Amino acid sequence: MHSMKYLFEPESIAIVGASSTEGKIGNSVVRNIAGGGFRGAIYPVNPSAKEILGHTAYPAVSSIGQEVDAAVICIPAEHVFEAVKDCVDSGVKQVQIITSGFSEIGEHDKENEIIDYAAQKGTRILGPNIFGIYSAAANLNATFAATEVTRGNVAILTQSGALGIAMMGKTAASNIGLSAMVSLGNKADIDEADCLDYIREDPSTAVIFMYIEGIKKGERFIESLEKTTRVKPVIILKSGRSSRGAMAAASHTGSLAGSDAVFDAIIRQCGALRAESLEDAFYWCSYLSSSPMPGGDNTVIITNGGGIGVMATDACEKYGIKMYDDQTALREIFGPATPVFGSTRNPIDITGGAASHDYNLALSAPAAAPDIHSTIALYCETATFDTENLAPMIRKTWEEHKKAGKPAVYAIVGGSSVTSVIDTLQKENVPVYSDVDEAVSALAVGYRYRSYLETRNNAQDWASIDMATINEIIDRAQSEGRSFLLANEGAAVMQAAGIPVPQSRIAQNLDQAVEYAECLGYPLVMKVVSRDILHKSDAGGVALNLDDKEEIIDAFEAIRQNCLNYNPSAVIDGFEITEQVAEGTEIIVGARRDPAFGPVVMCGLGGIYVEIIKDVVFRALPLNRQEVVGMLEEIKTYPLLLGVRGEERKDIEGLVDTIIKVGTIIKKCNRITDIEINPVVVYEQERGLKAIDTRILISNPKEDSK
Ligand code: ACO
């Protein structure tokens with residue numbers, strides 16, 4: 001925390017590579033720092049200059065002879081290490097490396113050498129490959145961007161430099177004020193989490209926007225993001241959603257973009273708001289930085305046109321905004337502003353004849369009505385409206401809403417006079433849009449954030465599991481050089497975690513198979529157990545519906561023969577005889593160690609079509625029961641668990657337990673990398689559930705230190 005303060009609020013700054021030559025980055029940086037009103041000391045560093053842009057220049061940081069908090073480096077890559085060394089040895093606390101030519105082009109060693117040296121003395125590095133940092137707290141514009149910055153309460157963190165520069169221009173043009181803008185570049189040291197730790201505490205920042213391509217230290221990111229969204233909204237735009245996009249992002253930044261489904265689930269779990277486009281992100285920034293949060297669910301739509309009202313109603317449904325429908329109250333509140341041929345049913349239609357005074361009347365009413373919490377105001381250009389009063393009417397009614405602590409959004413549709421009103425009011429940060437969806441989506445973002453704050457729950461639920469048994473099973477598999485568990489071992493791990501599995505036994509020969517079958521009772525399933533056959537069905541290693549002794553004998557021979565035909569050198573470790581379980585709702589439950597985010601769990605519609613239907617959701621650990629229930633509710637086929645067509649509700653509680661148990665296994669057993677139970681057959685409440693087929697992958701024993 002302490003060291004990040006030197007990044008955002010240095011009292012002195014050196015620019016290594018400062019130049020008097022216009023057009024060079026080292027010239028722009030000095031110009032921006034000095035011209036931006038930085039109040040601290042400015043030390044240009046250049047081996048041959050005496051003075052740059054009116055500031056005394058020094059040949060090296062070590063020759064400045066004063067304490068230097070931060071340094072910006074903008075010299076060619078081959079000299080950067082020496083310059084960083086000079087900064088570190090001179091006690092500089094923060095070094096920003098603008099220079100490109102490091103890990104983003106595969107020069108990892110060159111980058112690591114710098115980070116390692118700086119780490120020895122606790123110096124933090126921003127970049128390399130960045131366009132710099134703007135921090136309103138210190139009046140510091142240490143970037144080489146050409147645009148002036150407007151001060152405000154939005155902080156932007158960006159992994160892409162070029163996009164960051166463009167965003168600086170766009171925020172200035174849209175009059176979105178910035179409290180900070182940080183270009184993160186290669187994130188060799190300082191990353192999003194470090195910056196969030198500072199910005200979270202920064203009183204001048206109300207909203208944070210992050211452009212992300214990939215996350216390196218996922219678990220640290222989750223922790224910091226979650227802490228931040230508790231106090232201020234965070235909007236995230238992440239590229240790399242498509243697999244091709246992810247590849248482009250990875251090669252662009254030299255970091256892994258990670259699985260988008262996992263990323264998406266995790267940021268929602270942390271309460272961040274994911275935007276789909278830069279346009280949305282900016283609308284949301286502007287809206288959240290200037291509008292109050294809704295204090296309740298009741299929203300009204302006020303319109304002068306039926307069609308646009310219906311569009312807004314559809315958008316409310318799409319974004320989960322609840323429309324106020326107390327007809328008596330609506331009539332009382334809006335009756336005075338609605339002509340007899342209009343409607344006080346929500347959407348409130350004040351009709352095409354409405355002029356500005358009608359709008360003033362109608363839009364002032366919700367600001368004053370205690371049971372209305374937010375307003376969507378719609379206007380279609382009409383000949384009867386006194387257009388010169390459109391902007392004043394919007395300003396006035398918006399101020400009234402703000403004073404009452406209620407959000408109001410406006411969608412106004414029409415020709416050039418309407419467009420100019422939108423331009424003017426957007427520059428004043430009034431939430432006015434040219435499209436209904438944009439207006440409702442901005443309001444919805446406030447609702448989403450509010451709902452997160454209301455329902456967030458930091459409790460952690462873990463299960464008690466028999467670690468000794470699980471470790472014994474993994475020890476045995478690793479001693480045999482295996483990186484997976486056999487089906488019976490997978491089932492034993494499930495039992496050690498208290499997850500019900502079908503009764504089963506492993507027979508080594510035909511006599512045993514018959515003996516176990518008679519003991520278990522029919523119908524039964526027989527499956528091959530072989531370290532060399534992972535996909536048993538493909539090898540003809542599974543027989544279902546075995547009803548008597550004769551069928552057991554036939555199945556035994558058939559499976560043995562099929563497997564040997566499939567893989568003549570396969571070692572057959574046994575024949576698993578399992579009770580044939582009754583049909584139920586098939587769910588998949590899994591867990592894996594994500595390379596970026598650590599342990600994550602997954603659940604969804606199970607069975608053989610899981611890959612095609614892809615109705616699965618993810619969550620990062622730790623979890624609690626409420627979060628797991630939310631996870632199940634996100635599955636599109638969740639109604640199957642609630643019971644359809646007269647079926648009873650399934651054992652959802654048991655399924656929640658199972659997901660928590662699987663999460664506990666992956667968290668506690670570092671040697672397990674992947675767990676997949678497909679299917680977990682879930683029955684009605686009193687009949688519970690059963691984990692039918694469990695696949696577990698373990699780490700390579702050679703790489704493992706237990
Ligand atoms: N200490 C101090 N000053 C030095 C040193 C040193 N060790 N070595 C050189 N200098 C001086 C030079 O003499 C020169 O000053 P001068 O103009 O008075 O002669 C100045 O530092 C700059 O050095 P140049 O060799 O002229 O380097 P140039 O400015 O051409 O390029 C730069 C340096 C900009 C850092 C370049 O190497 C680079 O990496 N460019 C890409 C930057 C970038 O795009 N970053 C990512 C941004 S994000 C995005 O995508 C937009």
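Computation of the quantities below employed the complete heavy-atom set of this structure, encompassing side-chain atoms and omitting hydrogens, waters and symmetry-equivalent molecules. Quick caveat, the model's predicted, so the values are computed rather than measured. Remember, it's 1-based here, ligands and their atoms both numbered in the order they're listed.
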- Enumerate the atoms of ligand 1 whose separation from the nearest heavy atom of Gly161 is less than 4.0 angstrom. 48 (S), 49 (C)
- Sort out for me which residue in Thr21, Asn32, Leu53, Ile15 forms a side-chain contact (heavy atoms from CB on, under 4.5 Å) with Asn27. Leu53
- Query: Please state which protein non-hydrogen atom is closest to atom 1 (N) of ligand 1 and give its distance, to 0.1 Å?
  - Reply: Val16 CG1, 3.6 Å
- Task: Please check atom 31 (O) of ligand 1 for a protein heavy-atom neighbour under 4.0 Å.
- Result: no
- Are Tyr283 and Tyr433 close enough that their ring centres sit under 6.0 Å apart? yes
- Query: What is the closest protein heavy atom to atom 3 (N) of ligand 1, and at what distance does it sit?
  - Reply: Pro47 CD, 3.2 Å
- Note on the structure: When every non-hydrogen atom of Gly161 is compared with those of Phe131, the smallest separation belongs to O-CD2, 3.3 Å
- Query: Does a salt bridge link Asp202 with Arg200, judged by any charged N lying under 4.0 Å from a carboxylate O?
  - Reply: no
- Message: On a heavy-atom basis, which atom in Gly132 and which in Thr143 lie closest, and how many Å separate them?
- Response: C-CG2, 3.8 Å
- Query: Within 45° of the six-membered ring axis of Phe263 and under 6.0 Å from that ring's centre, is NZ or CZ of Lys238 located there?
  - Reply: yes
- Task: To the nearest 0.5 angstrom, please state how far the OG atom of Ser374 sits from the CZ atom of Arg450.
- Result: 9.0 Å
- Task: Start with the C-alpha gap between Arg220 and Glu192, add the side-chain angles, then the distance that decides, and say whether salt bridge (charged side-chain N to carboxylate O under 4.0 Å, His left out) holds.
- Result: CA-CA 10 Å; Arg220 163 113 171 77; Glu192 290 86 356; over 6 Å; no
- Query: Thinking salt bridges, do Arg274 and Asp260 make one under a 4.0 Å N-O criterion?
  - Reply: yes
- Message: Counting only heavy atoms closer than 4.0 Å, does ligand 1 sit against the backbone of Ile25, its side chain, both, or neither?
- Response: side chain
- Message: Please state which option from Lys24, Gln159, Glu78 has its nearest heavy atom closest to atom 19 (O) of ligand 1.
- Response: Lys24
- Sub-4.0 Å atoms of ligand 1 with respect to non-hydrogen atoms of Thr21: 17 (O)
- Quick one: which ligand 1 atoms are inside 4.0 Å of a heavy atom on Ile98? 42 (C), 43 (C), 45 (N), 46 (C)
- Query: Please state which protein non-hydrogen atom is closest to atom 37 (O) of ligand 1 and give its distance, to 0.1 Å?
  - Reply: Pro76 CA, 3.5 Å
- Task: Decide whether the shortest distance between a heavy atom of Ala49 and an atom of ligand 1 is less than 4.0 Å.
- Result: no
- Task: Give the residue, atom name and distance (to 0.1 Å) of the protein heavy atom nearest atom 20 (C) of ligand 1.
- Result: Gly17 O, 3.5 Å
- Message: What I want to know is whether Ser20 and ligand 1 share at least one N or O pair that is separated by under 3.5 angstrom.
- Response: no
- Item | Flag: protein heavy atom within less than 4.0 Å of atom 10 (N) of ligand 1 | yes
- of all protein heavy atoms, closest to atom 42 (C) of ligand 1 is Ser100 OG, 3.6 Å
- Closest approach of any protein heavy atom to atom 33 (C) of ligand 1, naming residue and atom: Cys74 O, 3.8 Å
- In the protein, which heavy atom is nearest to atom 18 (O) of ligand 1, and how far is it? Asn46 ND2, 2.9 Å
- Query: Backbone or side chain, does any N or O of Ser19 fall under 3.5 Å from an N or O of ligand 1?
  - Reply: yes
- Lys170 NZ/CZ over Phe282 ring centroid, <6.0 Å and within 45° of normal: yes
- Would you find a donor on one side and an acceptor on the other, under 3.5 Å apart, between the side chain of Thr673 and the backbone of Ser699? no
- Item | Any side-chain heavy-atom pair of Val16 and Val84 under 4.5 Å | no
- Is it the side chain (CB and beyond), the backbone, both or neither of Asn27 that lies under 4.0 Å from ligand 1, heavy atoms counted? neither
- Task: Please report the C-alpha distance between Arg31 and Glu22 in whole Å, then the side-chain angles of each, then the deciding distance to 0.1 Å, and finally whether the salt bridge (charged side-chain N to carboxylate O under 4.0 Å, His left out) criterion is met.
- Result: CA-CA 10 Å; Arg31 199 177 286 280; Glu22 252 185 71; 3.8 Å; yes
- Message: Counting only nitrogen or oxygen atoms and a 3.5 angstrom limit, does Ala77 reach ligand 1?
- Response: no
- Note on the structure: At under 4.0 Å between heavy atoms, what of Phe144 touches ligand 1? The answer is side chain
- Query: Would you call the rings of Phe597 and Phe221 parallel, tilted or perpendicular, where under 30° means parallel and over 60° means perpendicular?
  - Reply: tilted
- Task: Counting heavy atoms only, name the option from Ile75, Val80, Ile73, Ile15 that's nearest to atom 6 (C) of ligand 1.
- Result: Ile75
- Message: Considering non-hydrogen atoms of the protein only, which is the closest contact for atom 49 (C) of ligand 1, and what is the distance?
- Response: Ala162 N, 3.5 Å
- Query: Do Thr99 and ligand 1 have an N or O pair less than 3.5 Å apart?
  - Reply: no
